Amino acid sequence: MKISQLLKQDTLSLSFEVFPPKLQTNFESVRIATQRIAKLQPSFMSVTYGAGGGTSQYTLDIARNLKEEYNVPMLAHLTCVSSSKETVHARIQDMIDAGIGNVMALRGDIPAHLEGAERSHWDYHYAIELVRELKESGADFCIGGACYPEIHPESGDQKTDIRYLKEKVDAGCDFLTTQMFFDNNLLYNFLYKIREAGITVPIIPGIMPITNAKQVDRAIKLSGSFMPQRFKSLVDKFGHDPAAMKQAGIAYATDQIIDLYANGITNVHVYSMNKPDIAAKIQSNLSDILGK
Ligand code: FAD
């Protein structure tokens, strides 16, 4: 099932993101965790891809397993920046062979050891090049791209970021998924600006439930996201108490999703981080709204 088709519904649906194991020894535990999330029958699931090799080989194994066992539509991530054309073309062919019709086309982060390196000889520089190759592959992929309500950390200004985003969408993205954010007003502001810039594809907001205090610093470092005072107070109050923090973080994410739906957004992607209990709790908090 193409994700672009799923996004046409006018009632709320949730999708969940999982990540593949780093090592073969963890494969079984990740498979079990992701299967428990698939049992919730989300609208679709995405499986991330390790930019510098590492976990990349398991992305399709996990995606194929969930699709075959639970019939959940799958979105496989693929990055390009630290890969050769040969590797990327092989991965595209693997997706075709596995019957995965939805691809999240990403640049990937520049590996630390290549920061500042001469880039002219690299096979890929930006996600748009991967989007073009997916279109040229001849397979009928539904293609997603990433977007950043608080601008991409390497971008100088939002106008330029949105100009490049428009070029990426025009190259063939069918939808965009956002980086995590903790203040919905930032998303509404971003939506206004990208619509004004002529980007009309569906936008799927990405919501990260922060369920332990340690995650806060990591999330800010990774995404550069703004932490509203309401969220900081919650971490101050509950950060030392793991069970309370988990409950409060899930409630905060649930509240964000309800507000998004109340403002007309019908698919929300939850960064569920291979945690079935968190995915299930968010889903059960929304059971009447979701009709599940
Ligand atoms: P791009 O769209 O290429 O943009 C990167 C930067 O380059 C931006 O600053 C943009 O403004 C700029 N730019 C774009 N085109 C041009 C141009 N022609 N000239 C100059 N500048 C330009 N990483 C992983 O490794 N694996 C994953 O599975 C993964 N999943 C993700 C899922 C989502 C929803 C998001 C939001 C991010 C994900 N990432 C993942 C992280 C992502 O790889 C990084 O944020 C990366 O730094 C940028 O990737 P991109 O596809 O957005 O890049």
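We count ligands from 1, going down the list as the structure has it; atoms in each ligand are counted the same way. Remember, it's a predicted structure, so these values are computed and weren't measured experimentally.
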**Report entry** Nearest option to atom 44 (C) of ligand 1, as decided by whichever heavy atom of T178, T59, D109 sits closest
**Finding:** D109

**Report entry** Verdict with supporting geometry, S13 and N267, side chain to side chain donor-acceptor pair (under 3.5 Å)
**Finding:** CA-CA 5 Å; S13 61; N267 200 108; 2.9 Å; yes

Requested in this report: Using distance alone, decide if ligand 1 has a nitrogen or oxygen within less than 3.5 Å of any nitrogen or oxygen in G108.
Outcome: yes

Query raised in the report: Which of the atoms of ligand 1 are close to A146, meaning less than 4.0 Å from one of its heavy atoms?
Result: 35 (C), 36 (C), 52 (O)

Report summary line: Taken in chain and number order and not counting sequence neighbours, the residues that satisfy side-chain hydrogen bond (donor to acceptor under 3.5 Å, both in side chains) with D170 are K166

Query - Numbered atoms of ligand 1 (with element) below 4.0 Å of Y271, judged on heavy atoms - result: 34 (C)

Query raised in the report: Hey, does E167 come in under 3.5 Å of ligand 1, counting only N/O atoms on both sides?
Result: no

Query - For H152, the ligand 1 atoms whose distance to one of its heavy atoms is below 4.0 Å - result: 6 (C), 8 (C), 9 (O), 45 (O), 46 (C), 47 (O), 48 (C)

Query raised in the report: Who passes salt bridge (charged side-chain N to carboxylate O under 4.0 Å, His left out) against D236, sequence neighbours left out?
Result: none

Report task. Return yes or no for this condition: an N or O of S155 is under 3.5 Å from an N or O of ligand 1. Result -> yes

Requested in this report: Provide the number and element of each atom of ligand 1 under 4.0 Å from a heavy atom of M104.
Outcome: 34 (C)

Query raised in the report: Looking at D277 and K246, does any basic side-chain N land under 4.0 Å from a carboxylate oxygen?
Result: yes

Query raised in the report: Hey, which atoms in ligand 1 end up nearer than 4.0 Å to a heavy atom of D161?
Result: 8 (C), 9 (O), 10 (C), 11 (O)

Query raised in the report: Should the pair E69-R64 be classified as a salt bridge under the 4.0 Å nitrogen-to-oxygen rule?
Result: no

Query raised in the report: Do K2 and D174 meet the salt-bridge criterion of a basic N to acidic O distance under 4.0 Å?
Result: no

Report task. Provide the number and element of each atom of ligand 1 under 4.0 Å from a heavy atom of Y49. Result -> 24 (C), 25 (O), 26 (N), 27 (C), 28 (O)

**Report entry** Location of contacts on Y164 toward ligand 1, heavy atoms closer than 4.0 Å
**Finding:** side chain

**Report entry** Salt-bridge criterion met for E129 and R132 (N-O under 4.0 Å)
**Finding:** no

Query raised in the report: Considering distance alone, does some N or O of R107 sit under 3.5 Å from an N or O of ligand 1?
Result: yes

